[in-house]
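The block underneath contains the structure these notes are about, expressed in structure tokens.
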Amino acid sequence: MVFTREVVLALICSVFFTTSGQLLQKKASLKYSQLKGDSIFQHLLSVEVVTSTLFLGVGLIFWMLVLSRVELSVAYPLLSINYVVILLGARYLFGEAIPIRRWIGVVFILAGISVLIRGGL
């Protein structure tokens, strides 16, 4: 299987938009936890929630493009890069402490992606 530039770009865009949407969801949930008396419906119209929904939708479009060109058994494991990006976002955007065991997990994920890509090229 050959990864064309179009597929690689679509995968990168899918990862960018879906992880950005997930990080915005975290920001929205932190904001919501500090609000007193507002209804959930008011919160659903917040910039973070609306933007995260849009980002997740755009990420889905790019993901569909990837799926139309790559076998699911190859494409889906590549989404594990989302975990790495989210972990970095949790650390640098939200100040979360990342234990060494999670960093070791990231190394395994990256190694697995490397094996998958080398086998697919």
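Since the model is a prediction, treat every value here as computed from it, not as a measurement. Hydrogens, waters and symmetry mates play no part in the numbers below; they use all other heavy atoms, side chains included.
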Which atom pair, heavy atoms only, marks the closest approach of [X] to [Y]?
{"X": "Ile113", "Y": "Pro77", "answer": "CG1-O, 4.4 Å"}
{"X": "Leu116", "Y": "Val74", "answer": "CD2-O, 3.3 Å"}
{"X": "Trp63", "Y": "Ser14", "answer": "CB-OG, 3.5 Å"}
{"X": "Ala10", "Y": "Leu65", "answer": "CB-CD2, 3.6 Å"}

Please say yes or no: joined through hydrophobic side-chain contacts below 4.5 Å, possibly via intermediate residues, are [X] and [Y] part of one cluster?
{"X": "Val15", "Y": "Leu72", "value": "yes"}
{"X": "Leu9", "Y": "Phe16", "value": "no"}
{"X": "Met64", "Y": "Phe62", "value": "no"}
{"X": "Ile61", "Y": "Val66", "value": "no"}
{"X": "Leu60", "Y": "Val7", "value": "no"}

List the atom pairs, with distances to 0.1 Å, where a side-chain N or O of residues 81-103 and a protein N or O form a donor-acceptor pair under 3.5 Å, not counting sequence neighbours.
{"unit_1": "Asn82", "atom_1": "ND2", "unit_2": "Thr18", "atom_2": "OG1", "d": "3.4"}
{"unit_1": "Trp103", "atom_1": "NE1", "unit_2": "Ile98", "atom_2": "O", "d": "3.2"}

ask   = Does Ile12 reach the side chain of Val8, with side-chain heavy atoms less than 4.5 Å apart?
value =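 A side-chain contact exists here, since the closest heavy-atom pair is under 4.5 Å.
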key: Pairs satisfying salt bridge (charged side-chain N to carboxylate O under 4.0 Å, His left out), at least one member in residues 3-20, at least two apart   =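 Residue pairs with at least one partner in residues 3-20: Glu6-Arg69.
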request  = Enumerate the residue pairs fulfilling salt bridge (charged side-chain N to carboxylate O under 4.0 Å, His left out) with a member in residues 56-68, sequence neighbours excluded, ordered by first and then second residue.
outcome  =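 Applying salt bridge (charged side-chain N to carboxylate O under 4.0 Å, His left out) to every pair that reaches into residues 56-68, excluding sequence neighbours, yields nothing.
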ask   = Rounded to the nearest 0.5 Å, how far apart are NZ of Lys27 and CG of Leu30?
value =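 CG of Leu30 is found 10.0 Å from NZ of Lys27.
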task = Please round to the nearest 0.5 Å and tell me the distance separating atom CD1 of Ile104 and atom CD1 of Ile109.
result =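 It is 12.5 Å, given to the nearest 0.5 Å.
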inquiry  = I'd like to know if the side chain of Ser29 reaches the main chain of Lys26, judged simply by a donor and an acceptor atom lying under 3.5 Å from each other, with no hydrogens or angles considered.
reply    =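 Looks like yes, one N/O pair under 3.5 Å.
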For residues 49-56, which side-chain N or O atoms pair as donor and acceptor with protein atoms under 3.5 Å away, sequence neighbours left out?
{"unit_1": "Thr51", "atom_1": "OG1", "unit_2": "Val47", "atom_2": "O", "d": "2.7"}
{"unit_1": "Ser52", "atom_1": "OG", "unit_2": "Glu48", "atom_2": "O", "d": "3.3"}
{"unit_1": "Ser52", "atom_1": "OG", "unit_2": "Val49", "atom_2": "O", "d": "2.9"}
{"unit_1": "Thr53", "atom_1": "OG1", "unit_2": "Val49", "atom_2": "O", "d": "2.9"}

